[in-house]
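Quick notes on the structure that follows.
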Amino acid sequence: MNGDTITAQDGAEPEGDSPAERKMRFLFALRSRGVTDARVLTAMEKIDRGAFVRGLFADRAYEDMPLPISCGQTISQPSVVGLMTQALNAQPRDTVLEIGTGSGYQAAILSQLARRVYTIDRHRRLVREAQDVFRAMGLVNITAFAADGSRGLPEQAPFDRILVTAAAEDPPGPLLAQLKVGGIMVLPVGQSDAVQSLIKVTRLDSGYDYEELRPVRFVPLVEGVAVE
Ligand code: SAH
């Protein structure tokens, strides 16, 4: 009986598209788009993107494209997640703040690379859904909050690393202030309907260093907590 069931499931799998092959293609796409950091690739191999995409689009989770999630938001393209994570260069003892929890996928990747991850979204529903996935995966070093992330998280500041996954016109002042000296913030800046730039900000002893990394396209950073 059991054997029959397994055979039937195996037979339903399209040829050349086993989970292992899908994963290999996923990792190959990341590498070919410039994600080369071994720690980042290991984290992305371990964290199953399929767990963060629901409904209609679930079977496209292993393609290198952004996908719709609840509340009219998007889970970022995996190669962009990889490149941003690589640029952030989080270290094992770091405390990281992420603005824009969305599906929770980016926070889950960060949880593999840093000691502690705080993540904030303005949509309570997204935070709740992401928390469910973190719990199911046993990712106990992530704390998710529903709040306006443009104010940062003063109670837990300063941070070694800050990653923003929604675009502001300029780096929000509170986030700059909550970055440790020597810390790094990666964020998209620019108008929401135009091409934005991914920026890497390093806090120096005096002032900040800005480096422009690449063009990107993110949903806008919107002030205030969403009314649902
Ligand atoms: N990092 C996510 C993708 C983020 S999409 C992932 O891995 O899936 C951008 C998210 O930023 C959206 O969920 C949106 O609700 C959130 N957002 C926009 N403005 C915000 C703000 N001021 N504070 C917190 N979250 C915000």
Side-chain angles (χ1 to χ4, degrees), residues 30 35 40 43-44 47-55 57-58 60-88 90 96-114 117-134 137 139 142-154 156 159 161-175 178 185-193 196 198 216-228:
L30 292 175
V35 184
V40 174
M44 295 186 77
I47 299 294
D48 178 9
R49 188 171 183 248
F52 297 89
V53 182
R54 286 158 200 245
F57 292 94
R60 312 201 69 171
Y62 307 99
E63 294 175 31
D64 191 28
M65 52 167 63
L67 294 171
I69 55 172
S70 314
C71 307
Q73 305 301 314
T74 50
I75 177 171
S76 311
Q77 187 175 346
S79 57
V80 173
V81 170
L83 291 169
M84 288 176 84
T85 308
Q86 197 164 277
L88 196 68
V96 181
L97 174 65
E98 182 202 21
I99 308 302
T101 312
S103 67
Y105 179 60
Q106 172 75 74
I109 304 288
L110 293 171
S111 77
Q112 304 299 295
L113 301 167
V117 178
Y118 295 96
T119 182
I120 302 180
D121 205 286
R122 61 188 294 276
H123 286 282
R124 287 180 207 288
R125 174 170 167 202
L126 290 174
V127 170
R128 264 199 317 270
E129 290 179 355
Q131 282 169 330
D132 289 344
V133 185
F134 300 152
M137 287 189 164
L139 305 177
I142 309 176
T143 309
F145 298 98
D148 179 0
S150 58
R151 295 158 183 241
L153 190 61
Q156 302 295 339
F159 299 98
R161 299 287 188 266
I162 300 179
L163 184 60
V164 187
T165 62
E169 282 184 34
D170 293 300
L175 297 183
Q178 289 172 30
M185 170 156 70
V186 173
L187 78 166
V189 293
Q191 311 272 334
S192 62
D193 49 355
Q196 307 147 359
L198 191 64
V216 282
R217 186 150 199 175
F218 276 84
V219 298
L221 189 75
V222 178
E223 285 195 9
V225 176
V227 182
E228 285 166 32

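Since we're looking at a predicted model, the values are computed, not measured. Each residue takes its place number in the sequence, starting with 1. In each ligand, atom 1 is the first atom listed, and ligand 1 is the first ligand listed.
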Next on the checklist: Run the side-chain contact (heavy atoms from CB on, under 4.5 Å) test on Phe57 and Glu63 for me, step by step, so that the C-alpha distance in whole Å, both residues' side-chain angles and the decisive distance to 0.1 Å come before the verdict.
Outcome noted: CA-CA 10 Å; Phe57 292 94; Glu63 294 175 31; over 6 Å; no

Checklist entry - Hey, mind stepping through Met185 and Arg161 against side-chain contact (heavy atoms from CB on, under 4.5 Å) and telling me if it holds? => result CA-CA 6 Å; Met185 170 156 70; Arg161 299 287 188 266; over 6 Å; no

Next on the checklist: As a quick check of understanding, evaluate side-chain contact (heavy atoms from CB on, under 4.5 Å) for Leu175 and Leu97, giving each step before the final call.
Outcome noted: CA-CA 9 Å; Leu175 297 183; Leu97 174 65; 4.2 Å; yes

Next on the checklist: Please evaluate residues Ile47 and Ile109 with respect to the criterion side-chain contact (heavy atoms from CB on, under 4.5 Å), reporting the C-alpha separation (whole Å), side-chain torsions for both, the decisive distance (0.1 Å), and the verdict.
Outcome noted: CA-CA 7 Å; Ile47 299 294; Ile109 304 288; 3.9 Å; yes

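Residue contact check: Leu126 has heavy atoms under 4.0 Å from atoms 13 (O) of ligand 1. For ligand 1, the atoms lying closer than 4.0 Å to a non-hydrogen atom of Ser103 are 6 (C), 7 (O), 8 (O). Contact atoms of ligand 1 toward Ile120: 24 (C), 25 (N) (distance under 4.0 Å to a heavy atom of the residue). Taking every heavy atom of Ala147 and a limit of under 4.0 angstrom, the matching atoms of ligand 1 come to 23 (N), 24 (C). Set against the non-hydrogen atoms of Ile75, the atoms of ligand 1 under 4.0 Å away are 8 (O). Atoms of ligand 1 lying under 4.0 Å from at least one heavy atom of Glu98, given by number and element, are 1 (N). With ligand atoms numbered from 1 in the order given, ligand 1 contributes 21 (C), 22 (N), 23 (N), 24 (C) to contacts under 4.0 Å with heavy atoms of Gly149.
For atom 20 (C) of ligand 1, the closest non-hydrogen atom on the protein side is Arg122 CD, 3.3 Å. Of the protein's heavy atoms, Val222 O, 3.4 Å lies nearest to atom 21 (C) of ligand 1. Among protein heavy atoms, atom 7 (O) of ligand 1 sits closest to Gln106 N, 3.0 Å. Scanning all protein heavy atoms for the shortest distance to atom 15 (O) of ligand 1 gives Asp121 OD1, 2.7 Å. Residue, atom and distance of the protein heavy atom nearest to atom 5 (S) of ligand 1 are Thr74 O, 3.2 Å. Looking from atom 11 (O) of ligand 1 to the surrounding protein, the closest heavy atom is Gly100 CA, 3.3 Å. If you check which protein heavy atom lies closest to atom 12 (C) of ligand 1, you get Gln73 OE1, 3.2 Å.
In Val219, the part holding a heavy atom less than 4.0 Å from any atom of ligand 1 is the side chain. Within the 4.0 Å heavy-atom criterion, the part of His123 lying near ligand 1 is the side chain and not the backbone. Contacts between Ala166 and ligand 1, counted as non-hydrogen atom pairs separated by less than 4.0 Å, involve the side chain only. Contact annotation: for Ala107 versus ligand 1, there are no heavy atoms closer than 4.0 Å. With a heavy-atom cut-off of 4.0 Å, Pro220 touches ligand 1 through its backbone alone.
Looking at Leu83, Leu113, Val186, Ile162 one by one, the single match for side chain to side chain contact (heavy atoms under 4.5 Å, CB included) with Leu88 turns out to be Val186. Each of Gln86, Gln106, Arg49 was scored for a side chain to side chain contact (heavy atoms under 4.5 Å, CB included) with Val81, with one residue passing: Gln106.
Under the 3.5 Å distance criterion, the side-chain polar atoms of Thr165 are matched with a main-chain donor or acceptor of Ile99. Under the 3.5 Å distance criterion, the side-chain polar atoms of Gln196 are matched with a main-chain donor or acceptor of Phe218. A donor-acceptor pair under 3.5 Å is absent between the side-chain atoms of Asp148 and the main chain of Val225, judged by distance alone. For the pair Gln73 (side chain) and Ser103 (backbone), a donor-acceptor distance under 3.5 Å is absent.
Remark: distances from the non-hydrogen atoms of Ala226 to ligand 1 are all 4.0 Å or more. Heavy atoms of Thr101 come nearer than 4.0 angstrom to ligand 1 in at least one pair.
For Val53 against Ala61, the heavy-atom pair with the smallest separation is CG2-CB, 4.1 Å.
Between Tyr118 and Phe159, the angle of the ring planes goes over 60°, which puts this pair in the perpendicular group of the 30/60° scheme.
Here the side chains of Pro171 and Val189 are in contact, with some heavy-atom distance below 4.5 Å.
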